[in-house]
Amino acid sequence: MTPPIDLEQAQARLLAMLRSGPAIACPVGEAGGRFLAKPAIARRNNPPKDLSAMDGYATIGDGPWELVGEARAGLPFAKALSTGMAVRISTGAHMPTCADAVLIQENARVEGDTLFAEEAPDPNFIRRAGLDFEANDVLIEPGGPLGAAQMALARAGGLAKIVVHEVPQVAVVEVGDELCADPSICAPTQIPAVNGAMLASMARGAGADVSPHGPVADDADALVETLWEARDAALIVISGGASVGPHDLVKPALEAAGFTIDFWRVAIKPGKPLLVARRGNTVALGLPGNPVSSFVTGFLFMAPAIRKLAGAAACLPRAVPLPLAAPLPAGGKRREFLRATWTDAGVIAAEVQDSSALLPLARADVLIDRPAGADRSDTGAFVPCYLLENRAYA
Ligand SMILES: Nc1nc2c(c(=O)[nH]1)N[C@H]1C(S)=C(S)[C@@H](COP(=O)(O)OP(=O)(O)OC[C@H]3O[C@@H](n4cnc5c(N)ncnc54)[C@H](O)[C@@H]3O)O[C@H]1N2
Ligand code: MOO
């Protein structure tokens, strides 16, 4: 048996096997979660003209001024201002020609048609044309994501459509005789199937169109049949049966279905028996069946693989250093990804780190990346952490 390979090496090998899908033009509002295949290039300046940043009065020179009209967003004041003139102006309205400052209405006093300033009008309340970007600027690079802010940016740039990669088709297969599809009617010899739903959700979050399969019995023929059903997927994710037991059939079934194993086993805990295989343009990713092992390898391998297929420039998760709110014992023989909560005082590793334990996983905010053979770490020491979904909220 060859020794497990390093995490970074394994991730690089997997990503190198995958190509992003074809490019298609898509309405900006429907392209959320996708990645750009071509740069999004601005067709207009933003703002298009000098605009008022505040509600008040557009002025020229020193006051008092005579009020000669109004400029509203979408309805500019048509004439130029000359000395001694001002117009009522709304946030977002074009500055009238020759106006050089905005007097906010809180600092203004109006008597009849005459405007007086209690504090001087401020030129900084003019939002200059092109402040944000100019026509022909690259707004989003190829490989960049289209989230809510990028949708707003693209539309502000005058783009109704953008060119994105097609959504990758991903099959998620869970394997095990003991798995019951309906958790509410489990026989005593069964357990609820949890990994399929969990991985499908993670895969969708990473940008995939998911077809779920199984639970499939621990039977090589049944698994080969499922691999056939999933043949159109760019990535087939299989959870369970990746280890060395007599019923761990994923490796032989993949070989029987014409896949070639690229590597098996990675030096991480949980997640060691991870397996990667390929047949033509289809890549199979075998994840260990323990639910936490499936989650961690889903996070470290499946989601990056889907991002690569979806055309993302940044595929791998990024660790951030966070302080420990409680000490960590010395690291073990394998690099470990500890489930931990993130409090105001720092991160605290869960007491139970068993790869079947879902409660600490579901309560975890971060995974602490703990190197093999690490010395004991004291409270306050910074450790690399991967933020889990939705942890921007407190
Ligand atoms: N002799 C050895 N035994 C094991 C080794 C080893 O190196 N030598 N590795 C261990 C490690 S580490 C892991 S991780 C597991 C991975 O095993 P498999 O990928 O073959 O997974 P299974 O045996 O099918 O299942 C493991 C465990 O998880 C439960 N499970 C599986 N799928 C699901 C699912 N979809 N939903 C809920 N629970 C699931 C299953 O019932 C088992 O309890 O192997 C160790 N053994
Ligand atoms: O590697 Mo296993 O995934 O430790 O439980």
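Only a predicted model underlies this, so the values are computations on that prediction, with no experimental measurement involved. Scope of the values below: all heavy atoms of this structure, side chains included, with no hydrogens, waters or symmetry mates.
Open room surrounds CG on Asn281; 12 or fewer heavy atoms of other groups in view lie less than 6.0 Å from it. Within a 6.0 Å sphere centred on CZ of Arg155, heavy atoms belonging to other residues, nucleotides or ligands number 12 at most. Other residues, nucleotides and ligands contribute more than 12 heavy atoms inside 6.0 Å of the CD atom of Glu8. Counting heavy-atom neighbours within 6.0 Å of Arg376 CZ, excluding the residue itself, gives a total above 12.
When atom types are taken as modelled, the side chain of Lys308 and the backbone of Leu18 share a donor-acceptor pair closer than 3.5 angstrom. Listed for the Arg43 side chain is a donor-acceptor partner under 3.5 Å among the backbone atoms of Gly158. No donor-acceptor distance shorter than 3.5 angstrom exists from the side chain of Lys161 to the backbone of Ala25, with no hydrogens or angles considered. Using a distance-only test at 3.5 Å, with no hydrogens or angles considered, no donor-acceptor pair links the side chain of Arg363 to the main chain of Arg339. The backbone N or O of Ile268 sits less than 3.5 Å from a side-chain atom of Arg334, completing a donor-acceptor pair. Under a 3.5 Å cut-off, the side chain of Asp218 and the backbone N or O of Asp177 do form a donor-acceptor pair. Side chain of Thr114 to backbone of Glu66: no donor-acceptor contact under 3.5 angstrom is found. Under the 3.5 Å distance criterion, the side-chain polar atoms of Asp219 are matched with a main-chain donor or acceptor of Asp221. Using a distance-only test at 3.5 Å, with no hydrogens or angles considered, a donor-acceptor pair links the side chain of Arg279 to the main chain of Ala257. The closest donor-acceptor contact from the side chain of Arg307 to the backbone of Ala314 lies under 3.5 Å.
The side-chain heavy atoms of Ile238 and Leu254, taken from C-beta on, include a pair separated by under 4.5 Å. For the pair Val163 and Ile24, the minimum side-chain heavy-atom distance is 4.5 Å or more. Between Val102 and Pro121 there is no side-chain heavy-atom pair separated by less than 4.5 Å. Between Phe301 and Leu7 the shortest side-chain heavy-atom distance falls below 4.5 Å. Side-chain atoms of Arg34 and His165, non-hydrogen and from C-beta on, never get closer than 4.5 Å to each other. Between Glu106 and Glu119 the shortest side-chain heavy-atom distance does not fall below 4.5 Å. No side-chain heavy atom of Ile306 sits under 4.5 Å from any side-chain heavy atom of Val237. Residues Ile5 and Arg13 form a side-chain contact, since some pair of their non-hydrogen atoms from C-beta on lies under 4.5 Å apart.
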(request) Could you check Ile126 against Arg128 for side chain to side chain contact (heavy atoms under 4.5 Å, CB included), going step by step and ending with a plain yes or no? (result) CA-CA 6 Å; Ile126 303 173; Arg128 298 290 174 190; 3.7 Å; yes
(request) Dump the intermediate steps for side chain to side chain contact (heavy atoms under 4.5 Å, CB included) on Gln353 and Lys269, then the final yes or no. (result) CA-CA 10 Å; Gln353 291 289 339; Lys269 182 180 176 181; over 6 Å; no
(request) Would you sort out whether His94 and Leu51 count as a side chain to side chain contact (heavy atoms under 4.5 Å, CB included), showing the intermediate values? (result) CA-CA 4 Å; His94 289 187; Leu51 306 179; 3.3 Å; yes
(request) Decide yes or no on side chain to side chain contact (heavy atoms under 4.5 Å, CB included) for Val347 and Leu324, but give the supporting numbers first. (result) CA-CA 5 Å; Val347 291; Leu324 288 171; 3.8 Å; yes
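Closest approach of Leu300 and Leu316 over heavy atoms only: O-CD2, 4.5 Å. Nearest heavy-atom pair, Ser356 versus Pro291, reported as atom, atom and distance to 0.1 Å: CA-CD, 4.3 Å. Of all the heavy atoms in Met302 and Leu199, the pair that sits closest is CE-O, 3.4 Å. The two atoms that bring Ala230 and Ile236 nearest to each other are O-CD1, 3.7 Å, heavy atoms only. In plain terms, the two heavy atoms of Ala193 and Pro215 that are nearest each other are CB-CG, 3.9 Å. The heavy-atom pair separating Pro192 from Leu179 by the smallest distance is O-CD2, 4.5 Å.
Asp209 and Gln169 are linked by a side-chain donor-acceptor pair at a separation below 3.5 angstrom, with hydrogens and angles left out of the test.
The CG atom of Asp122 sits 11.0 Å away from atom CG of Asp100, with the distance rounded to the nearest 0.5 Å. The distance from the CG atom of Leu361 to the CE atom of Met198 is 7.0 Å, given to the nearest 0.5 Å. From Leu387, atom CG reaches atom CG of Leu322 across 6.5 Å, with rounding to the nearest 0.5 Å. Between the CZ atom in Arg72 and the CD1 atom in Ile89 there is a gap of 12.5 Å [rounded to 0.5 Å]. We find the OG-NZ distance between Ser293 and Lys272 to be 11.0 Å, quoted to the nearest 0.5 Å. From Asp55, atom CG reaches atom CZ of Arg88 across 6.5 Å, with rounding to the nearest 0.5 Å.
Under a hydrophobic-cluster definition in which Ile, Leu, Val, Met, Phe, Trp and Tyr are linked whenever side-chain heavy atoms come within less than 4.5 Å, directly or via other members, Val224 and Leu235 are assigned to different clusters. No continuous path of hydrophobic side-chain contacts links Val366 to Ile348 [ILVMFWY only; heavy atoms under 4.5 Å]. Phe337 and Leu358 fall within a single hydrophobic cluster, where Ile, Leu, Val, Met, Phe, Trp and Tyr are joined by side-chain heavy atoms under 4.5 Å apart, directly or via other members. Cluster membership check: Phe263 shares its hydrophobic cluster with Leu285, using side-chain heavy-atom separations under 4.5 Å among Ile, Leu, Val, Met, Phe, Trp and Tyr. Val170 and Val167 fall into different hydrophobic clusters, where Ile, Leu, Val, Met, Phe, Trp and Tyr residues are linked whenever their side-chain heavy atoms come under 4.5 Å apart, directly or through other members.
Side-chain contacts under 4.5 Å among hydrophobic residues (ILVMFWY), followed directly or transitively, place Ile60 together with Val68, Phe77, Leu81, Met85, Val87.
For the pair Arg278 and Phe259, the cation does not sit on the ring face, since its NZ or CZ is not both under 6.0 Å from the ring centre and inside 45° of the axis.
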